[in-house]
Amino acid sequence: MELTRVIVILAQCLWPLWTQVIHLTDMYGTVKSPNFPESYQKEIDLQWNITVPDGYQIRLYFMHFDIEPSYLCEYDYLKVYSDSEELAVFCGKENTDTEQVPADDVIMSPRNVLSVAFRSDFSNEERYSGFEAHFSAVDVDECRDRNDEDLACDHFCHNYISGFYCSCRYGFLLHSDNRTCKVECNESVYTERSGEITSADFPKPYPKSSDCMYRIELEEGFQITLEFDDTFDIEDHPEVTCPYDFIKINAGDKEFGPFCGEQSPGKIQTGSNTVNILFHSDNSGENLGWKLTYTSTGSECSPLAAPLNGHLEPLQSNYVFKDHIIMTCDPGYSLRQGDEEFEHYQIECQRDGKWSSDVPLCKKSLYSILKRKKNI
């Protein structure tokens, strides 16, 4: 056995040092051993290089196979590979189960190139008829077959012959990479005293490749408080602070963040009436995003006491900016301020923490005084 192997190795060294290469670029065709269906010759070194356009794979299958059998296909063999990736090595007869024969196997190339190499050694003790194989270009369904994150579509994938394209859901825009769906979110201005802000699609994964600016803008005299929900999930890094996706907050001359990861920032007292919230995402990741509620409190005004013979509405323990009070008097009394007389009078808490006016007094109304004099 060892002597046989040595002879085989020596014989292989004496084979021609060149390989005949046949280039095939058709969308389909046939590959046959030389002289098929008659027996093939000795010392053949032949290779078919099949190339089809990008967006296609190559399908290869055999109609006939009869090559000299040997242990591990040491003598004659047919090898199929794509670039440097070996896909199969065959030899033997179809009517036996002792060798590696293609039978009904269908070989699909991973890319748009496929090579079929046929070698026969220096001896051929029997007559072997060789092989006949057919190939055809098969459209790649990129939408179904591609697992590479860099090649998949964010939202919708549409396959066509030799290619595919991506599209986005309503409200999203296709990024220049033609696969990522981003959002335009730089014009969100909140002017209500309280509200809720979330990353787009929360609690579903937020869009990639987006820069979102949310602005809360209230009157001077209010101070904004932010409170993030416990569900907080922004892509992070174990060693570098927020290099990918992050949220930053600017409030007046203060800056908070950047924030990322799964730890919610919780409550943030901004001390400002204007807040800018920047959220940046890169082109990868499937994180859920964030949600916050904001509230506002105004400057406090000093508590007031009702005037003698008068009432305040509403009566509460403290008053803040924009709160107002309506004052009224008991029957027979009216509000007096200078020479003016009022049935009711309203004052408002201002942004500087002062009331808009002093509290007028409740005095006997002129009508009541005149009526009493008349009765006398």
Side-chain angles (χ1 to χ4, degrees), residues 149-157 166-220 222-297:
E149 184 178 332
D150 292 334
L151 297 174
C153 295
D154 253 7
H155 290 177
F156 304 119
C157 183
C166 302
S167 67
C168 301
R169 297 197 300 272
Y170 178 78
F172 291 79
L173 299 174
L174 192 63
H175 191 269
S176 59
D177 63 9
N178 291 323
R179 74 167 192 88
T180 304
C181 293
K182 64 176 185 175
V183 289
E184 288 292 341
C185 46
N186 286 328
E187 298 181 0
S188 301
V189 180
Y190 298 80
T191 56
E192 298 295 325
R193 289 199 209 174
S194 61
E196 181 179 283
I197 305 174
T198 70
S199 54
D201 264 10
F202 180 86
K204 296 179 181 178
Y206 51 78
K208 304 178 181 68
S209 300
S210 299
D211 285 289
C212 297
M213 179 67 77
Y214 308 90
R215 180 172 176 82
I216 306 171
E217 192 170 292
L218 305 182
E219 291 182 65
E220 288 185 28
F222 285 108
Q223 295 185 350
I224 299 167
T225 299
L226 308 177
E227 186 160 8
F228 283 86
D229 196 82
D230 290 338
T231 301
F232 187 87
D233 181 25
I234 298 177
E235 185 182 12
D236 64 354
H237 189 281
E239 298 175 357
V240 182
T241 302
C242 306
Y244 307 131
D245 304 348
F246 57 81
I247 189 167
K248 282 183 180 179
I249 299 166
N250 288 294
D253 57 356
K254 299 177 184 176
E255 184 174 293
F256 305 89
F259 302 112
C260 62
E262 297 181 356
Q263 181 63 47
S264 169
K267 182 178 288 188
I268 298 175
Q269 302 280 3
T270 69
S272 175
N273 65 304
T274 60
V275 174
N276 290 317
I277 302 166
L278 170 65
F279 179 52
H280 168 81
S281 63
D282 66 4
N283 62 355
S284 65
E286 290 292 327
N287 299 78
L288 302 181
W290 51 271
K291 169 185 173 182
L292 67 82
T293 55
Y294 75 87
T295 55
S296 60
T297 55

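Any value given below was found using the heavy atoms of this structure, including those in side chains, with hydrogens, waters and symmetry copies removed.
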Would you call the rings of Tyr190 and Tyr214 parallel, tilted or perpendicular, where under 30° means parallel and over 60° means perpendicular?
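Ring orientation, 0 to 90° scale: tilted.
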
From [atom1] ([X]) to [atom2] ([Y]), nearest 0.5 Å:
X: Tyr294; Y: Glu192; atom1: OH; atom2: CD; value: 6.5 Å
X: Glu219; Y: Thr274; atom1: CD; atom2: OG1; value: 13.0 Å
X: Thr297; Y: Arg193; atom1: OG1; atom2: CZ; value: 10.5 Å
X: Glu235; Y: Glu262; atom1: CD; atom2: CD; value: 12.0 Å
X: Asp236; Y: Cys242; atom1: CG; atom2: SG; value: 7.0 Å
X: Ile216; Y: Leu218; atom1: CD1; atom2: CG; value: 7.0 Å

Within the side chain of [X], is there an N or O that forms a donor-acceptor pair under 3.5 Å with the backbone of [Y]?
X: Ser210; Y: Val183; answer: yes
X: Asp229; Y: Trp290; answer: no
X: His175; Y: Lys182; answer: no

Should [X] and [Y] count as side-chain neighbours, where that means a heavy-atom distance under 4.5 Å?
X: Glu184; Y: Leu173; answer: yes
X: Thr270; Y: Lys254; answer: no
X: Arg179; Y: Asp154; answer: yes

Quick one, Glu217 with Thr191, criterion side chain to side chain donor-acceptor pair (under 3.5 Å). Give me CA distance, side-chain angles, the key distance, then yes/no.
CA-CA 5 Å; Glu217 192 170 292; Thr191 56; over 6 Å; no

Please, which pairs that meet ring-ring contact (aromatic ring centres under 6.0 Å, His included) have at least one residue in residues 238-260, sequence neighbours excluded?
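Output for this query lists His237-Tyr244, Phe246-His280.
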
Begin with the C-alpha distance, continue with both residues' side-chain angles, and end with the deciding distance and a verdict on side chain to side chain contact (heavy atoms under 4.5 Å, CB included) for Asp245 and Tyr206.
CA-CA 10 Å; Asp245 304 348; Tyr206 51 78; 2.5 Å; yes

So does Gln263 have more than 12 non-hydrogen atoms from other groups sitting under 6.0 Å from CD?
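It does not: Gln263 CD has 12 such atoms or fewer within range.
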
Is Cys181 disulfide-linked to Cys166, taking SG-SG under 2.5 Å as the test?
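No.
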
Quick check: closest heavy atoms across [X] and [Y], and the distance to 0.1 Å?
X: Lys208; Y: Asn283; value: CD-O, 3.4 Å
X: Ser272; Y: Gly252; value: OG-N, 3.7 Å
X: Pro203; Y: Leu288; value: O-CD2, 3.3 Å
X: Thr180; Y: Ser209; value: CG2-OG, 3.8 Å
X: Asn273; Y: Ile224; value: O-CD1, 3.3 Å
X: Ser296; Y: Phe222; value: OG-CD2, 4.0 Å

Can you list the steps and then say if Ile234 with Asn287 is a side chain to side chain contact (heavy atoms under 4.5 Å, CB included)?
CA-CA 6 Å; Ile234 298 177; Asn287 299 78; 5.7 Å; no

Side chain to side chain contact (heavy atoms under 4.5 Å, CB included) between Ile268 and Phe228, worked out
CA-CA 8 Å; Ile268 298 175; Phe228 283 86; 4.0 Å; yes

One pair to check against side chain to side chain contact (heavy atoms under 4.5 Å, CB included): Leu292 and Ile277. What are the steps and the verdict?
CA-CA 11 Å; Leu292 67 82; Ile277 302 166; 3.9 Å; yes

Step-by-step salt bridge (charged side-chain N to carboxylate O under 4.0 Å, His left out) determination, Lys204 to Glu286:
CA-CA 9 Å; Lys204 296 179 181 178; Glu286 290 292 327; over 6 Å; no

Do Thr293 and Glu196 have side-chain atoms, one donor and one acceptor, less than 3.5 Å apart?
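Checked: Thr293/Glu196 side chains show no N/O donor-acceptor pair below 3.5 Å.
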
